[in-house]
Amino acid sequence: MIKVTLPDGSVREYVSGTTSLEVARSISEGLARNVLAAKINNQVWDATRPLTTDATINLLTWDSLEGKETMWHSTAHLMAEALESFYPGIKFAIGPPVENGFYYDIDFGDRSFSADELEKIEKKMLELASQKNEYIRKNISKADAIAYFKEKNDPYKLELLEGLNDGDITFYTQGNFTDLCRGPHIPNTGFIKAVKLLRVAGAYWRGDEKNKQLTRIYGISFPKDKELKEYLTLLEEAKKRDHRKLGKELELFTFSEKVGMGLPLWLPKGAMLRERLVQMLQKAQIKTGYLPVVTPHIAQKELYVTSGHYEKYGKDSFQPINTPQEGEQFFLKPMNCPHHCEIYKSSPKSYKDLPVRLAEFGTVYRYEQHGELHGLTRVRGFTQDDAHLFCRPDQVKEEFCKVIDLVLYVFNALGFEHYTAQISLRDKEDRSKYIGSDENWNLAEQAIIESAAEKGLPTVVEYGEAAFYGPKLDFMVKDALGRKWQLGTIQVDYNLPERFQLEYTGSDNQKHRPVMIHRAPFGSLERFVAVLIEHCAGNFPLWLTPDQFAILPISEKYNAYAENVKNALSAKDLRGFTDERNEKIGKKIRDNEINKIPFMLIVGEKEEAENKIAVRQHGKGDIGVFGIDEFATFVTQIIEKDLNKHNQ
RNA sequence: GCCGAAGUAGCUCAGCUGGUAGAGCAGCUGAUUUGUAAUCAGCUGGUCGGGGGUUCGAGUCCCUUCUUCGGCUCCA
C-alpha cells in the first residue's frame with residue numbers, strides 16, 4: 001500500500017500501482033472525467049502512470065495552467081499524426097505547448113505547406129480525436145530510439161537524442177503516431193473536442209538563422225467547442241484594438257510607400273497628442289533638474305567608433321552619407337548617448353556639478369530588417385525621450401530612485417497598471433562578457449535592487465540579461481494580442497564614460513570617472529503611443545485625447561450658440577469642435593461615439609434659453625444638464641486627478 | 001533577410017471556371033431644420049500596387065518587383 005496526500009492535506013491509502021486517474025475516480029466520477037494530468041511531488045505526470053511510492057498528488061484539469069499545457073502538447077502530437085497521414089515522410093522537429101496553444105516545427109522536404117490546407121488537417125484531427133486513442137508511454141533504450149529515427153530518416157529527432165541520456169528516454173504513441181517525448185500527455189485524444197490551427201510560419205531549427213528553415217504550424221485546442229468560440233471572439237476583439245487600425249481610424253499617423261517603410265508620418269491629431277506627451281514629461285523633468293540639450297541627426301563615423309557602436313552595429317546600419325569634396329563619412333544618429341557624452345566633455349566638471357542630467361527628445365534612425373517592421377512598435381526612425389545622467393558612483397542609487405519615480409509618474413498618468421519591471425543582472429557564471437570593475441557592478445546591481453525594493457516595484461530578476469556595459473531595469477507592457485514590448489528603461493553604464501574618457505575632479509583633487517545612467521520613461525514615443533492605443537483601445541486619458549468634447553447642435557439654428565459654448569470652453573483650456581453638419585442628432589451622436597469623443601455636448605432650444613449644455617459621455621450616455629463653467633470644472637478635475645495619480 | 005498570406009475608389013469589401021470594373025460608408029450638390037447610436041435624392045470618384053509575358057481579349061493565368069500582414073525566444 002502507498003500513502004497519497006491530497007492538496008487539502010488529507011491522506012488516503014491505495015495499492016501500489018494505482019494511477020492518478022484511479023485516485024481521481026475514487027474521489028468522484030466527475031473529477032475523473034476531467035483529469036488531464038497530475039502533479040506528483042511537484043512533477044507533472046501522465047494521469048495514467050502508476051504510482052508506486054508515497055506521494056503528494058495534485059490532479060490537474062483544464063482549469064490549471066499545467067492542465068492546459070498538457071492538453072496542448074498532446075494536441076501537437078495529434079496534429080503530427082494528422083499531418084503524417086496526409087504527407088508520409090515529413091520530418092518532425094519540436095512541438096511544445098506555448099502561452100496560447102501549441103506549435104509543431106515540421107520539415108516538409110521539397111513540398112511547401114500552405115495555409116489553405118489547415119482546414120483539412122483540423123478535420124482529420126477531430127476525426128482522430130473522436131477515436132479516443134490512448135497516449136501510451138514507453139521507456140526505450142537510446143540505441144533503439146536512434147534506430148527508430150534512423151529508419152524514419154528524421155535528422156532533428158536524432159540531433160535531439162544526442163543530448164539525452166540512455167535510461168531517461170521515452171516514446172509516446174497515440175493511434176498511428178509515435179514520437180520522442182518526455183511527456184506528460186492527457187489520457188486519450190477524446191479530451192480534445194475543439195481544434196483551431198491558427199497560422200503557418202517559418203521558423204529556423206533551434207532558432208538559428210544559419211539553420212534550415214522549417215514550417216511551423218500554430219494551433220490551439222479546447223475541451224469544449226464553446227471555449228474555442230469564445231477564444232476566437234476574444235481574438236477578434238483584440239484585433240479591434242490594434243494600434244495600426246485605430247491609428248488610421250482616429251487619424252493619428254500613417255505610412256507612405258514613397259516616404260519609405262518603417263518611417264511613420266504623424267498626422268495633426270497624432271502629432272498634437274505626441275506633443276502633449278512630450279510636454280508632460282518635459283515639465284516633470286525640469287522639476288527634477290534635467291537640462292535640455294539638442295543634437296543633430298547625423299554625426300561623423302569617428303563618434304560611433306569611439307562609442308563602440310560602429311563596431312557592434314555598423315555593418316547592419318544604414319549606409320554612411322559622404323560629403324562630396326572631402327569624402328568624409330557621416331552616419332544617421334542611431335542613439336543620442338555619444339552626443340551627450342561630448343556635451344558633458346565640453347566643460348570641466350567638479351564633483352559638486354554632479355549629477356548632470358542631459359535630456360533630449362532625440363530622433364534616431366536604425367536599420368531594422370524588412371520583416372521585423374511592425375506598425376509603430378518596430379520602425380526605422382523614432383524619437384526617444386532620452387536622458388543621460390552623469391553621476392558619482394555614490395549617487396547612482398538616489399538617481400535611480402528618482403528615475404523610477406518619474407517612470408511611475410508617467411505610467412500612472414496614462415493608466416498603465418499592468419506592467420512587469422524586469423531587473424537584468426550579470427550572468428552569474430560568466431563575468432568575462434562584461435566590462436567594468438566588479439566593485440562598480442556590485443554597487444550598480446545593489447543600487448537597482450534596492451531602489452526597486454524601496455519603491456515597492458513588483459520585479460522579476462533575470463540573470464545574464466544585463467547589457468555588456470551595465471545592469472538595467474526595464475518596464476514591459478503587453479499589447480492587445482499579448483505580445484510583450486519593452487517601454488521604459490533605466491540602464492547603468494560604465495562603458496561610455498570609459499570610452500569617451502569622461503572625468504570629474506573629486507574632493508580629493510583627483511580625476512574620477514563618472515557613471516552614466518541612460519533612461520527613457522516612454523522608451524520611444526512611437527512604440528509608447530502604439531502600446532497606449534492598444535491599452536486604452538483608443539479611449540485616451542482626457543488630458544491626452546485629441547478632442548475632449550464635440551458640441552452637437554440639434555439643428556443649424558443653434559450653431560451660433562454652439563460657437564459661444566466652444567469659445568467659453570476654449571478659454572478654459574479645453575479642446576473640441578462643433579459638429580455643424582446638416583445631420584440629425586442621432587447621426588451626430590453615432591458618428592462622434594464611433595470616433596471615441598469623450599464628451600458630446602448637445603445644444604438646442606432649451607439649452608440656449610438656459611445657457612446650458614446637455615452632456616453625453618462616451619460609452620455611458622446622457623449624464624445630465626450642466627452649466628458651461630460647471631462642465632469645465634468637472635473636466636478639469638478629472639484631468640488633475642489622472643495626472644496626479646502617482647502622488648496620491 | 002527567410003517561410004507563408006495578402007494588395008480592387010479616401011475607408012471596409014464583392015467580382016465563380018479569362019469576356020465592357022461593383023456595393024456600403026466617406027466626399028460633393030440639393031431638399032429637409034431635425035432632441036440622444038445611421039433623413040432622403042442626385043453626383044463625383046479606380047492605369048484593379050508597379051513592370052513584363054500568355055491570349056482576339058487579363059482584376060482573373062504565368063514571371064518579376066514593391067509594400068503590407070502573421071511568424072522566425074518558448075528546446076523531445
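Note on naming: letters A, B, ... go to the chains in the order of the sequence lines (proteins, then strands), and numbering restarts at 1 for each one.
Comparing Ile169(A) and Ser555(A), the nucleotide of RNA chain B nearest to each residue sits closer to the 5' end for Ser555(A). Heavy-atom distances to RNA chain B give each of Val615(A) and Tyr367(A) a nearest nucleotide, and the one nearer the 5′ end belongs to Tyr367(A).
The two residues Thr189(A) and Ala129(A) make their nearest non-hydrogen contact at OG1-O, 3.1 Å.
Note: CZ (Arg244(A)) to P (U67(B)) measures 17 Å, nearest angstrom. Remark: C1' of U73(B) and CG of Asn211(A) are 15 Å apart, rounded to the nearest angstrom. Going from atom NZ of Lys210(A) over to atom P of G1(B) covers 18 Å, rounded to whole Å. Atom CD in Glu372(A) sits roughly 12 Å away from atom P in G70(B) (whole-Å rounding). In this structure, Ile589(A) atom CD1 and U39(B) atom P are separated by 11 Å, rounded to whole Å. Atom CD in Gln369(A) sits about 15 Å away from atom P in C69(B), given to the nearest Å. Between the CD1 atom of Ile554(A) and the P atom of G35(B) there is a distance of 7 Å, given to the nearest Å. When rounded to the nearest whole Å, the span between CZ of Arg206(A) and P of C75(B) equals 12 Å.
With a 6.0 Å cutoff to the six-membered ring centre and a 45° limit on the axis angle, Lys120(A) counts as a cation-pi contact of Phe86(A).
Under the salt bridge (charged side-chain N to carboxylate O under 4.0 Å, His left out) criterion, the residue pairs touching residues 66-84 of chain A are Lys39(A)-Glu66(A), Glu84(A)-Lys152(A), with sequence neighbours excluded. Contacts classified as salt bridge (charged side-chain N to carboxylate O under 4.0 Å, His left out) and involving residues 606-626 of chain A (residues at least two apart or in different chains) are not found.
Using a 4.0 Å heavy-atom cutoff across all strands shown, Ile94(A) reaches sugar-phosphate atoms only and no base atom. If you check every strand for non-hydrogen atoms under 4.0 Å, Glu251(A) touches nothing. No contact: Gly619(A) has no heavy atom under 4.0 Å from any strand. Residue Leu552(A) is classed as having no contact, given no heavy-atom separation below 4.0 Å to the nucleic acid. Using a 4.0 Å heavy-atom distance criterion, Lys606(A) is classed as a base contact.
Using modelled atom types, one side-chain atom of Arg527(A) and one backbone atom of Thr377(A) make a donor-acceptor pair closer than 3.5 Å.
Here the nucleotide nearest the side chain of Lys584(A), chosen from U39(B), G1(B), U36(B), is U39(B). In this structure, of G1(B), G35(B), G70(B), it is G35(B) that holds the atom nearest to the side chain of Glu605(A). The side chain of Arg199(A) lies closest to G71(B) when the candidates are C74(B), G35(B), G71(B). When distances are taken from the side chain of Met261(A) to each of U68(B), G1(B), A37(B), the shortest belongs to U68(B). Of the candidate nucleotides U33(B), U36(B), G71(B), U36(B) has the atom lying nearest to any side-chain atom of Ile585(A). Closest to the Tyr204(A) side chain, of the nucleotides G35(B), G1(B), U36(B), is G1(B). With C75(B), G71(B), G35(B) as the choices, the nucleotide that has an atom nearest any side-chain atom of Tyr218(A) turns out to be G71(B).
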Which protein N or O atoms sit under 3.5 Å from an N or O of nucleotides 24-29 of chain B?
from: A26(B); atom 1: OP1; to: Lys587(A); atom 2: NZ; distance (Å): 2.8

Decide ring pair (Phe, Tyr, Trp, His ring centres under 6.0 Å) for Phe92(A) and Phe177(A); before the verdict, give the C-alpha distance in whole Å, the side-chain angles of both, and the deciding distance to 0.1 Å.
CA-CA 11 Å; Phe92(A) 296 97; Phe177(A) 182 76; 5.4 Å; yes
Test salt bridge (charged side-chain N to carboxylate O under 4.0 Å, His left out) on Arg206(A) and Asp208(A); report intermediate values, then the result.
CA-CA 5 Å; Arg206(A) 306 213 139 172; Asp208(A) 190 336; over 6 Å; no
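Residue Arg378(A) has no polar side-chain atom (N or O) positioned under 4.0 Å from OP1 or OP2 of G71(B). The shortest distance between the side-chain N/O atoms of His374(A) and the OP1/OP2 oxygens of G70(B) is below 4.0 Å.
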Compile the donor-acceptor pairs under 3.5 Å between side chains in residues 583-590 of chain A and protein atoms, sequence neighbours left out, one pair per line.
from: Lys588(A); atom 1: NZ; to: Pro553(A); atom 2: O; distance (Å): 2.9
from: Lys588(A); atom 1: NZ; to: Asp579(A); atom 2: O; distance (Å): 3.0
from: Lys588(A); atom 1: NZ; to: Arg581(A); atom 2: O; distance (Å): 3.2

What string of B, S and - do you get for nucleotides 3-13 of chain B, 5' to 3', when a contact is any protein heavy atom under 4.0 Å?
BSS------S-
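Between Phe634(A) and Phe631(A), the ring-plane angle classifies as tilted under the 30° and 60° cut-offs. Relative ring orientation between His374(A) and His243(A) is described as tilted, the plane-to-plane angle lying within the 30° to 60° band. Using the six-membered ring where Trp is involved, Phe108(A) and Phe113(A) have ring planes that are parallel, under 30° apart on the 30 and 60° scheme.
The closest side-chain donor-acceptor pair between Tyr135(A) and Asp46(A), if any, does not fall under 3.5 angstrom.
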Strand RNA chain B in bracket notation, Watson-Crick/G-U under 3.5 Å with | for pairs to another chain
(((((((..((((.....[..)))).(((((.......))))).....(((((..]....))))))))))))....
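Within the 4.5 Å cutoff, side-chain heavy atoms of Arg380(A) are placed close to those of Tyr367(A).
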